[in-house]
Amino acid sequence: MTQLSSELLTTPSIEAMETKETLVAIDVRNLSVTFPNGNGGLRAIQDISFHIQEQEFVCVLGPSGSGKSTLLRVLAGLLTPTSGEVYFYGEPLKEPRREIGFVFQKANLMPWRTVLQNILLPLELQKVPSSEARRRAMELVELVGLHGFEDSLPRDLSGGMAQRVAIARALVHDPQVLLLDEPFGGLDALTRERMGDELLRIWQARRKTVIMVTHSIPEAIYLSDRVLVFTPRPGKLRLDLPVYLPRPRSDEIRYSPAFGELAKCLRAEIG
Ligand code: ADP
Ligand code: MG
């Protein structure tokens with residue numbers, strides 16, 4: 001085998017990656033949401049179409065008020081769109097589903113419950129037998145790096161730790177899709193970078209499909225396979241940018257010329 005062909009085998013070309021057989025996890029077709037406001041309605045998002053492959057990591061970027069949270073609420077089955085459809089593995093999405101987990105900007109933990117009890121909550125609601133529930137919750141405690149803190153109360157946690165609990169709680173019933181709405185918005189820059197690495201590690205370990213809203217261009221590039229950019233309100237899809245940076249991602253990638261080019265491109269689009 002020549003040097004060249006062995007190189008080709010280890011580094012798939014872009015064409016090879018695109019033709020790899022993948023399932024569409026989420027298919028969004030001509031989605032619009034208008035909120036009633038007594039004045040003809042407030043158009044939050046307008047005619048958005050895209051699809052997300054299984055196990056893809058997609059970030060959504062856009063100005064404040066461009067309908068990013070509205071989109072996520074529709075994808076979570078929490079909000080019925082004014083028009084258009086969302087399909088989850090080919091089935092119309094009409095209501096929240098167990099296969100779709102959600103993490104908000106604020107951890108929203110129950111203050112009187114310990115870390116473990118907070119993570120256990122979705123399993124209690126599903127009436128999973130307690131020994132099985134505990135085993136799964138402890139696995140998640142390990143996965144998000146909170147070993148030793150399972151009996152702590154939320155008031156004793158840092159912001160980053162509280163968000164880890166929220167991520168563990170969203171993952172404990174093993175959803176296929178994880179939706180995150182600016183989950184690291186309240187954290188300082190360094191903690192935020194560490195949480196991003198943590199999320200990538202979890203995504204790689206559990207092979208989830210992730211859709212995450214963020215305000216941060218570098219965060220979107222660092223984490224994603226693709227970045228969707230919204231226009232100002234009413235939010236329309238302005239750009240669907242593939243991120244062909246190698247994985248696993250590392251700090252070095254943040255300083256690579258390709259990263260800089262992508263950041264410049266996104267900055268120009270967001271204006
Ligand atoms: P983003 O997350 O991009 O900042 P949102 O999706 O939260 O934007 O909001 C988009 C627009 O829709 C904003 O103008 C917001 O005020 C409006 N909006 C969001 N939710 C509601 C609601 N439940 N009722 C009325 N207007 C809403
Ligand atoms: Mg929002």
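Indexing begins at 1, ligand by ligand and atom by atom, following the structure's order.
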Got a salt bridge between Glu139 and Arg136, using NZ or NE/NH1/NH2 to carboxylate O under 4.0 Å? no
Arg254 with Asp251: basic N within carboxylate O range, under 4.0 Å: yes
Sorted by chain and number, sequence neighbours left out, side-chain contact (heavy atoms from CB on, under 4.5 Å) with Ser66 holds for Pro63, Lys68, Phe230
Identify whether the distance between the nearest side-chain nitrogen and carboxylate oxygen of Asp47 and Lys236 falls below 4.0 Å. no
Any salt bridge between Glu198 and Arg194, counting N to O under 4.0 Å? no
Should the pair Arg207 and Trp203 be classed as cation-pi, given the thresholds of under 6.0 Å to the six-membered ring centre and 45° from the axis? yes
Test side-chain contact (heavy atoms from CB on, under 4.5 Å) applied to Ser152 - qualifying residues, sequence neighbours left out: Val115, Phe149, Leu157
Using distance alone, with no hydrogens and no angle criterion, decide if Gln204 and Arg201 have a side-chain donor and acceptor under 3.5 Å apart. no
Sub-4.0 Å heavy-atom environment of ligand 1, residues by chain: Phe35, Leu42, Ala44, Pro63, Ser64, Gly65, Ser66, Gly67, Lys68, Ser69, Thr70, Arg73, Arg233
Any donor-acceptor pair under 3.5 Å linking the side-chain atoms of Tyr89 with those of Glu54? yes
Using 2.8 Å as the cut-off, note every protein N, O or S atom close to the Mg ion (ligand 2). Ser69 OG
